[in-house]
Every structure is written in structure tokens, then in C-alpha cells.
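Here's the structure we're looking at; comments come further down.
All values below come from the heavy atoms of this structure, side chains included, with hydrogens, waters and symmetry mates left out. All figures in this text were calculated on a predicted structure; none of them were measured in a lab.
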Amino acid sequence: NTSDTMDENMGVNEEDGEVDPPENVEDQGQEETEPPENDDDPTDPVGSRVVSDLSQLNVKDGSIDKMQGEEDSKISQDEDMLRITEAAHQEARQRWGAIHSETYSLARRLCEKLRLVMEPLVASKLRGDYRTGKRINMKRVIGYIASSYRKDKIWLRRTKPAKRDYRVLVAVDDSESMKKSGMGEMALRAMATLATGMTQLEVGEIGVASFGDEMRLLHPFHLPFTYESGVSVTSSFQFAQQRTRTALCVESAMMALDESSGGDISSMQIVFLISDGRIERDSRASLRRLMREMMERNILMAMIIVEGSEKAKDSIVNMKEVSFVNGKPKVKPFIEDYPFPYYIVLDDMQNLPSILGDALRQWFEMLTRLQTSNR
């Protein structure tokens, strides 16, 4: 009987109602599997094998020492790089601090000098007597009431220029010739004077760049020029570029101004190139073409040639160049056929505010006359 056999196997205790576990019951539906005898089967994946040889779990002490040495070497290199970076940053901060303290008074003088030259361009102040406007002129209210509301020009409009909207790029020559001539530090002081003075005047947007083999924008236009900006800019000048490709740098300056303006050419744009003035002879024709193009785009390009008073005999004004005409040599001054129409020769930093202020006033007048005549 099948039911009797199941009761015997299950061991049912009728009195207690409890079920005892089966004794010596073998599951006939399952077969016991044994692990394969050959554990070294190459077809098995590595993750499915169990390593029974404990000797294979041992790692050689030499490999551990090697890995530890590589880690220590990497950490020490990172610490050295961090130490070098901090030392370079500290050196740049001290360098900019010295330059800033030397040129702060010059920047204040330049700010006051340019206040009369770089006139406000954006109308941001209220003025005028209009029948409609944004705000009521309280001085006209009494007359308006007394006239039985006939004199109704009591409104003000924002028609008075009070905000400057210039876009200025200051580019410094970073080539080896600046370091050899000893004009590198003087160029940085001139850059600091211009950037700080125009920031105090709130002329608009100021960018700083370096040029040589190529031009690099070190300080973007949309950020204000602060003390930390000066530290960052100063640390980028090493005066180690091999050559000065002036024409390429002028083109890069135009591209930088176009990108920053976003197609808006309503504001006045100025580019100051601070260099020793030595340019390649083959690039003069290209520079003249670029100067005409910049004038059409309402961009004023001015070259500031820095020189030391102790090297007057090597001044660019006294330099000569030789050209051959019909096979005969011809000697002429280097500055005679200079492609930059607006330039100043700076031999003393104390004269920079007055010279630059007067020069900008003359350049603006000449540029206005040229643009008027071209129309």
C-alpha cells in the first residue's frame, strides 16, 4: 500500500501530530557530482578554478618592494612638482608686487590723463526736457503746474554719455630679444601701468596677451583686471620665444577682438603692442595691409617701443638698414619706412602717462579725420 509506505517513511506521530524527519532517505532524483580530476584544464576560465596549491598564492617580496618603490617615487615626484609650482607662484607674486608698487603712481597719473582723452561713449545718465521719458525732472514740476499744465517737458531720458565702452588689448613681446636687450622688465612695467590705469578709469574691457612665435591671450576680456590677474600674467612671461612674427600676431589680435566683441563693432577698440620695435623686413607689406584693415574696423593700433636711456646708441631711431636698388646698396634709417603709423619711443617710464595721453589724443583726432574723409 502506497500510503502506508509514505507514513512509515515520514514517521508520523499520531498522538502528538508532529512529523519526524525521515531516516536514511536518499534522494533518488539527484546524483552526487564530483569535481573534475584534471584541474589544469586550459579550457576552464581562470575565475572558475579553485587553487589548491598554496604556494601559488605567495607573492614575491621583491615585487612588493618594487611596487612600493614606484609608489614612493611617484609621490615624491608629485610633491616636487607641487613644491616647484608653489615656489614659482610665490616668485611671480613677489615679482608682480614689486612692479605694482613701482607703477601705481604712474597708473594714477595715466588714469587722470586719459580721463580727458577717452571720453564716455555710452549714454547712461539722465538729462533733457522731454514730453515723454523714464523719470520726471522735479525742477520742472512747479513750472509745469504754474503754467496750467502747458509746459509739459518735464521728463528725463538717458541721453548723456557717462560710461566708457572701450575694448583694449595690451600685448607684450615675449621673445628672446627683449631679454637680451634688458627691456623685458621695462615692458612689464609699461603693461602694468596701462592695465592698472585703465582699470581705475573703467574704460571697459581689458585683455592682456603675449606674442612672439604666436600670440597667447593671458587675461580674457570679460574678466576684470585685478591684483591676482597681474600675478597670473607675470608668471607667464619668460622671454624665451625664438622669434617675433609681428604680422601673425597682429592678425591674432584682430581675431581676439572679433571673438570678444561677438560681432558688435560699436565700441572703440585699441591694441597696444609693447616691444623693442624690431620687426622682420619681409613682413612690412603685410603689416601695412593689416593697418588699413584695422582702421576700417574702427581699431586703433599703437606701438610702444621700450628702450633704455643707457643704450641710446642702439636706439631704433639711430638704426640703419641696407637695401639694394638696381644692384646698388642704399642705406636708410630703419624707422623711415616703419609700417606702424602710430608709435612712441619710450626711454623713461616716468614719461609714459604724459606721452601716451598726448599721443592718444592726437591719434584719435587723426583717426576721426581719416574716417570722415573716407566716407
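Although no hydrogens or angles enter the test, the distance criterion places a donor-acceptor pair under 3.5 Å between the side chain of R109 and the main chain of Q350. Panel note: side chain T196, backbone T193; no donor-acceptor pair is recorded below 3.5 Å. A distance-only check finds no donor-acceptor pair linking the side chain of N298 to the backbone of M268 [under 3.5 Å]. Looking at Q238, its side chain does come within 3.5 Å of a backbone N or O of S235 through a donor-acceptor pair.
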Can Q241 and E176 be said to form a side chain to side chain contact (heavy atoms under 4.5 Å, CB included), step by step?
CA-CA 6 Å; Q241 299 192 39; E176 285 184 340; over 6 Å; no
Hey, mind stepping through F340 and M301 against side chain to side chain contact (heavy atoms under 4.5 Å, CB included) and telling me if it holds?
CA-CA 8 Å; F340 292 97; M301 169 69 76; 3.9 Å; yes
Please lay out, stage by stage, how I206 and T199 fare under the test side chain to side chain contact (heavy atoms under 4.5 Å, CB included).
CA-CA 8 Å; I206 300 175; T199 300; 3.4 Å; yes
Stepwise side chain to side chain contact (heavy atoms under 4.5 Å, CB included) test for F211 and V250
CA-CA 9 Å; F211 68 94; V250 172; over 6 Å; no
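Considering every non-hydrogen atom in both A247 and L287, the closest pair reads CA-CD2, 3.7 Å. Here the closest heavy-atom approach between residue A209 and residue L217 is recorded as CB-CA, 4.1 Å. Nearest approach of I274 to V170, heavy atoms of both residues: CD1-CG1, 3.8 Å. Across all their heavy atoms, Y342 and M295 have their closest contact at OH-CE, 4.3 Å. Minimum interatomic distance between L106 and M349 (heavy atoms only, all atoms of both residues): CD1-O, 3.7 Å.
Expressed to the nearest 0.5 Å, how far SG of C249 lies from CE of M254 amounts to 13.5 Å. If you take CD1 on I299 and CG on L257, they are separated by 5.0 Å, rounding to the nearest 0.5 Å. We find the CZ-CG distance between R167 and D258 to be 9.5 Å, quoted to the nearest 0.5 Å. We find the CD1-CG distance between I355 and D358 to be 8.5 Å, quoted to the nearest 0.5 Å. In this structure, E293 CD and R297 CZ are separated by 4.5 Å, a value rounded to the nearest 0.5 Å. S210 contributes atom OG, which lies 10.0 Å from atom CE of M191 (distance to the nearest 0.5 angstrom).
The side-chain hydrogen bond (donor to acceptor under 3.5 Å, both in side chains) check on R289 picks up nothing, with sequence neighbours excluded. Residues satisfying the ring-ring contact (aromatic ring centres under 6.0 Å, His included) test with F334, not counting sequence neighbours, are none. For F272, the ring-ring contact (aromatic ring centres under 6.0 Å, His included) criterion is met by no residue, not counting sequence neighbours. D337 pairs by the side-chain hydrogen bond (donor to acceptor under 3.5 Å, both in side chains) definition with R288, not counting sequence neighbours. When the side-chain hydrogen bond (donor to acceptor under 3.5 Å, both in side chains) test is applied to S275, the partners found at least two apart in sequence or on another chain are D173.
Between L194 and L110 there is a side-chain heavy-atom pair separated by less than 4.5 Å. With contacts defined as side-chain heavy-atom distances shorter than 4.5 Å, the pair M319/P333 does not qualify. Side-chain contact between V233 and V172 is absent, with no heavy-atom pair separated by less than 4.5 Å. When side chains are defined from C-beta on, I305 counts as touching Y343, because their heavy atoms get closer than 4.5 Å.
A continuous path of Ile, Leu, Val, Met, Phe, Trp and Tyr side chains, each step under 4.5 Å between heavy atoms, connects Y338 with V317, placing both in one hydrophobic cluster. L248 and M178 end up in different hydrophobic clusters when Ile, Leu, Val, Met, Phe, Trp and Tyr side chains are linked at under 4.5 Å. In the hydrophobic clustering of ILVMFWY residues, with side-chain heavy atoms under 4.5 Å counting as a link, L223 and V231 come out apart. One hydrophobic cluster, built from ILVMFWY side chains closer than 4.5 Å, cannot hold both F225 and Y104; they sit in different ones.
Listed by first and then second residue, the side-chain hydrogen bond (donor to acceptor under 3.5 Å, both in side chains) pairs involving residues 213-227 are T226-S229 (not counting sequence neighbours).
Taking a cutoff of 4.0 Å between a charged side-chain nitrogen and a carboxylate oxygen, R189 and E185 do not qualify as a salt bridge. For the pair R278 and E307, the salt-bridge criterion is met [side-chain N within less than 4.0 Å of a carboxylate O]. Ion pairing of E228 with R93 is present here, as a side-chain N (NZ or NE/NH1/NH2) and a carboxylate O approach within less than 4.0 Å.
When only modelled atom types and interatomic distance are considered, S175 and S177 share a side-chain donor-acceptor pair under 3.5 Å.
Other residues, nucleotides and ligands contribute more than 12 heavy atoms inside 6.0 Å of the CD atom of E112.
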